[in-house]
Trainee: 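Okay, here's the structure, questions in a sec.
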Amino acid sequence: MAERERLSLVPDEIVIPVDRLTFLVPSRAFHIDGMVLRGGYVSVATEFALRLLRDAGELSPGELGTFLGFSELETRTLVQELIVDGYLEVDGDRVVLAQRGLQAFDHVTGELNLLNVEPFADNITLDLVSFAPIETSGRAWLPWLSEVDIQDRQRAAAAREEAAKGFRANFGEWRDRRFFGEGGSAVRLHTVTDVVPLARSTTPVTIPVTYSPSRGESVDPDFSALRDRGRRDARKELIECINDAIRRIVAPGDHVDGARFSSRWDGGALCGGSSASAANPLNWMQFAARVPPAPLPELLTPSLRLSGSAMSPSFLNSVSQFLGETGTEASDVPVIWVPAEHSAWGASSYLLDVTRQIKSGFAHESGLVLMPRSRRDEKSKGALIRSYGEGKNGRQQPLFDTCIALPPDSIPQSLELIVQPGAWAIVLVHIPGPNGGFPIPVGYATRNPNVVRSISDEIKEVVTELPEEAVVWMTRQEDAAVALDDLLRKMER
């Protein structure tokens, strides 16, 4: 059977961003002492030739070649190299050690010192999965992120031995950094004399998730930044570990309900061919990737077709350009963010930048309100506070100014809403992708006043019924009842 022709609505080279996920990788710093060789490589044949001539005094090239088991051509090449380098000189039909050759031997120990051997000492951080070097720049506290599981805990526990092996295997990476601009390619590892384990930590590693229409109908993590660094397969175990974690992420199963819910204001723009299905996420992403993006139904106008999470590259820039001055004119009205409920939402170090940009660009007066679907028990509230609030010890700068817990069944879990009442709204439905069900956010931004009012009213209807206990935290008011009343009043716009 012939392979079905692949639908491509964009140029073949287009790669469409879907998300950027950050994982906390267990890592450890090590102090490593050792010796390096500088000045090139000396072959065993060279060493034996010089030692033989030191002991014999003089030899013909044929006698030297016979001892080494070399052919006439190999012997002639070796002798010529040593003469050019100044270690041998010709005396008639014989070769003898030149002054440089004699000086290459230590006059006390008799050891051959052709190379410059020098000590080194350095601190290097290795991941505890592959034991390869890992970048540690930027030590921001990222409590909303998850740590990847170490599958080979026995190997991680043998830190000293594995670190020595890892350093030897990945010496080239360390050498290129340590001797950058100093002709480091000629430096080789001689010995590792000591390894001292230092502090343990976690290091954020960000992996893009993309869709390439020309390569197939799948959404895949892009490990090129890890795979192309250093020696081949240096981070194979780490890649496999993160890949397994990504494959376990699945979208909520209520995406059809999410599309139906949004049809209350968008006329079914996110539904598929019927109300019993949601839009095809792969086609939607291609339509959104066009320049300009494919238009949406007129009732949403002005609008912008979107795809990918708010953490994906250029998402916020595209939205900001579309909104123009609309958001800044309503800066006294808070931005309300109802997240999708799955483990990939916000699982990125870029969440910090995105929340800061939204606050400074659109809500510097009234702030950013998080409205997750959550139970109101102390355990659930504590998890939200640890991740997005002031932290367990109360010393953390909250990502969101206010957090209000919505009932778990109030809005479909696949639906994400970012709204500034009276100004603009972003609507995303997180639809399972092919080959595993990774969540693909597709939707739109709109400045249509009637649509924005309808979305705000849907959220307001839920908030109106909330008790004071639904306010998990607030930074701009001191009383939960006042915070709810103030929010409801501003949602009237």
Side-chain angles (χ1 to χ4, degrees), residues 19 21-22 142-146 249-255 257-258 261-262 309-311 334-352 354-356 358-359 363 366-392 396-421 425-431 439 441 443 455-456 458-477 480 483-484 486-488 490-491:
D19 214 332
L21 302 177
T22 303
L142 308 172
W144 63 92
L145 299 178
S146 299
I249 299 172
V250 295
D254 64 351
H255 51 284
D257 293 336
F261 192 95
S262 67
S309 82
M311 309 302 125
V335 173
I336 297 168
W337 196 336
V338 180
E341 296 296 333
H342 57 74
S343 58
W345 181 88
S348 174
S349 60
Y350 289 93
L351 180 61
L352 181 62
V354 170
T355 54
R356 286 175 176 172
I358 291 177
K359 289 181 190 180
S366 292
L368 184 57
V369 181
L370 178 67
M371 290 190 180
R373 306 157 192 79
S374 173
R375 296 183 177 88
R376 293 193 288 270
D377 58 90
E378 292 304 313
K379 181 178 180 181
S380 300
K381 287 185 176 182
L384 289 169
I385 292 171
R386 285 192 299 273
S387 295
Y388 310 111
E390 61 183 7
K392 187 175 181 180
Q396 188 173 294
Q397 181 66 34
L399 286 177
F400 298 86
D401 300 285
T402 304
C403 178
I404 299 174
L406 304 184
D409 58 352
S410 57
I411 297 175
Q413 295 190 350
S414 60
L415 191 59
E416 180 174 7
L417 305 172
I418 310 175
V419 188
Q420 188 169 38
I426 295 172
V427 178
L428 298 170
V429 175
H430 293 239
I431 302 174
I455 297 172
S456 299
E458 292 290 346
I459 299 173
K460 180 183 175 184
E461 183 177 339
V462 178
V463 175
T464 301
E465 302 297 324
L466 295 178
E468 295 179 19
E469 295 76 34
V471 179
V472 184
W473 74 79
M474 52 200 166
T475 62
R476 296 174 183 258
Q477 290 92 9
L484 286 172
D486 183 58
L487 178 62
L488 289 170
K490 291 180 176 177
M491 290 180 71

Trainee: Which pair of heavy atoms, one from Ala344 and one from Asp19, lies closest together, and at what distance?
Mentor: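 Nearest pair, atom of Ala344 first, then Asp19: O-OD2, 4.1 Å.
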Trainee: Using every non-hydrogen atom in the two residues, find where Ile249 and Pro439 come nearest and quote the distance to one decimal.
Mentor: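 Where Ile249 meets Pro439 most closely, the heavy atoms are CG2-CD, 3.8 Å.
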Trainee: I need the minimum non-hydrogen distance between Ser387 and Gln396, along with the two atoms involved.
Mentor: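 Scanning both residues completely, I find the closest heavy atoms to be O-NE2, 3.9 Å.
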Trainee: Output all residues satisfying salt bridge (Lys or Arg N to Asp or Glu O under 4.0 Å) with Lys490, sequence neighbours left out; order by chain, then residue number.
Mentor: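 So Lys490 forms a salt bridge (Lys or Arg N to Asp or Glu O under 4.0 Å) with Asp486.
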Trainee: Nearest heavy-atom pair of Val419 and Ile459: which atoms, and what distance?
Mentor: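 The answer is CG2-CD1, 4.0 Å.
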Trainee: Between CD1 of Ile385 and NZ of Lys392, what distance do you get to the nearest 0.5 Å?
Mentor: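 Here the rounded value is 12.0 Å.
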Trainee: Do Ile418 and Ile336 come within less than 4.5 Å of each other through their side chains, counting heavy atoms only?
Mentor: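 SC-SC contact between Ile418 and Ile336 ruled out.
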Trainee: Sorted by first residue and then second, give each salt bridge (Lys or Arg N to Asp or Glu O under 4.0 Å) pair with at least one member in residues 464-476; sequence neighbours left out.
Mentor: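 For residues 464-476: Asp401-Arg476.
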Trainee: What's the spacing between Ser309 OG and Leu21 CG if we round to 0.5 Å?
Mentor: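 Here the rounded value is 7.5 Å.
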Trainee: From Gln420 CD over to Met491 CE, what is the distance, rounded to the nearest 0.5 angstrom?
Mentor: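 Separation between the atoms: 12.0 Å.
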Trainee: Using residues 406-415 as the side-chain source, report each donor-acceptor pair under 3.5 Å to any protein atom, sequence neighbours left out, with the distance given to one decimal.
Mentor:
| unit_1 | atom_1 | unit_2 | atom_2 | d |
| --- | --- | --- | --- | --- |
| Ser410 | OG | Pro407 | O | 2.7 |
| Ser414 | OG | Asp254 | O | 3.1 |
| Ser414 | OG | Asp254 | OD1 | 3.1 |

Trainee: Roughly how far, to the nearest 0.5 Å, is CZ of Arg356 from CD of Gln397?
Mentor: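 Between Gln397 CD and Arg356 CZ, I get 8.5 Å after rounding to 0.5 Å.
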Trainee: For Thr402, check side-chain hydrogen bond (donor to acceptor under 3.5 Å, both in side chains) against everything at least two apart and list the hits.
Mentor: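 If we apply the side-chain hydrogen bond (donor to acceptor under 3.5 Å, both in side chains) test to Thr402, skipping adjacent residues, there are no hits.
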Trainee: For Trp144, what residues pass the side-chain hydrogen bond (donor to acceptor under 3.5 Å, both in side chains) criterion, not counting sequence neighbours?
Mentor: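 Result, side-chain hydrogen bond (donor to acceptor under 3.5 Å, both in side chains) vs Trp144: none returned.
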Trainee: Identify, with sequence neighbours excluded, every residue that meets salt bridge (Lys or Arg N to Asp or Glu O under 4.0 Å) alongside Arg386.
Mentor: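 Scan of Arg386 (salt bridge (Lys or Arg N to Asp or Glu O under 4.0 Å), adjacent residues dropped) gives none.
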Trainee: Kindly say whether Ala405 contributes a backbone atom to a donor-acceptor pair with the side chain of Arg375 at under 3.5 angstrom?
Mentor: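 Answer holds: no.
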Trainee: So, Asp377 side chain and Lys379 main chain: donor-acceptor pair closer than 3.5 Å or not?
Mentor: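 Checked: pair present.
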Trainee: Under 3.5 Å, is there a donor-acceptor pair between the side chain of Lys381 and the main chain of Trp473?
Mentor: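 Checking the backbone N and O of Trp473 against the side chain of Lys381, no donor-acceptor pair under 3.5 Å is found.
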Trainee: Would you call Phe400 and Val472 a side-chain contact if the rule is heavy atoms closer than 4.5 Å?
Mentor: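 Not in contact.
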Trainee: Please find the pair of heavy atoms, one from Ala470 and one from Arg376, that lie closest to each other, and give the distance.
Mentor: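 For Ala470 versus Arg376, the nearest heavy atoms are CA-CD, 3.5 Å.
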Trainee: Is any side-chain heavy atom of Met371 closer than 4.5 Å to a side-chain heavy atom of Leu487?
Mentor: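 Counting from C-beta outward, Met371 and Leu487 do come under 4.5 Å.
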Trainee: Answer yes or no: is there a donor N or O on one side and an acceptor on the other, between the side chain of Thr355 and the main chain of Leu351, under 3.5 Å?
Mentor: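 Yes; at least one donor-acceptor contact below 3.5 Å.
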Trainee: Quick check: do Val354 and Met311 have side-chain heavy atoms less than 4.5 Å from each other?
Mentor: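 When only atoms from C-beta onward are counted, Met311 and Val354 do touch, with a gap below 4.5 Å.
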Trainee: Once you round to the nearest 0.5 Å, how far does NE2 of His430 lie from CH2 of Trp345?
Mentor: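 So the NE2 of His430 and the CH2 of Trp345 are separated by 9.0 Å.
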Trainee: For a quick test of reading the model, state the closest non-hydrogen atom pair linking Gly443 to Leu428 and the distance between them.
Mentor: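 Here Gly443 and Leu428 meet closest at N-CD2, 3.8 Å.
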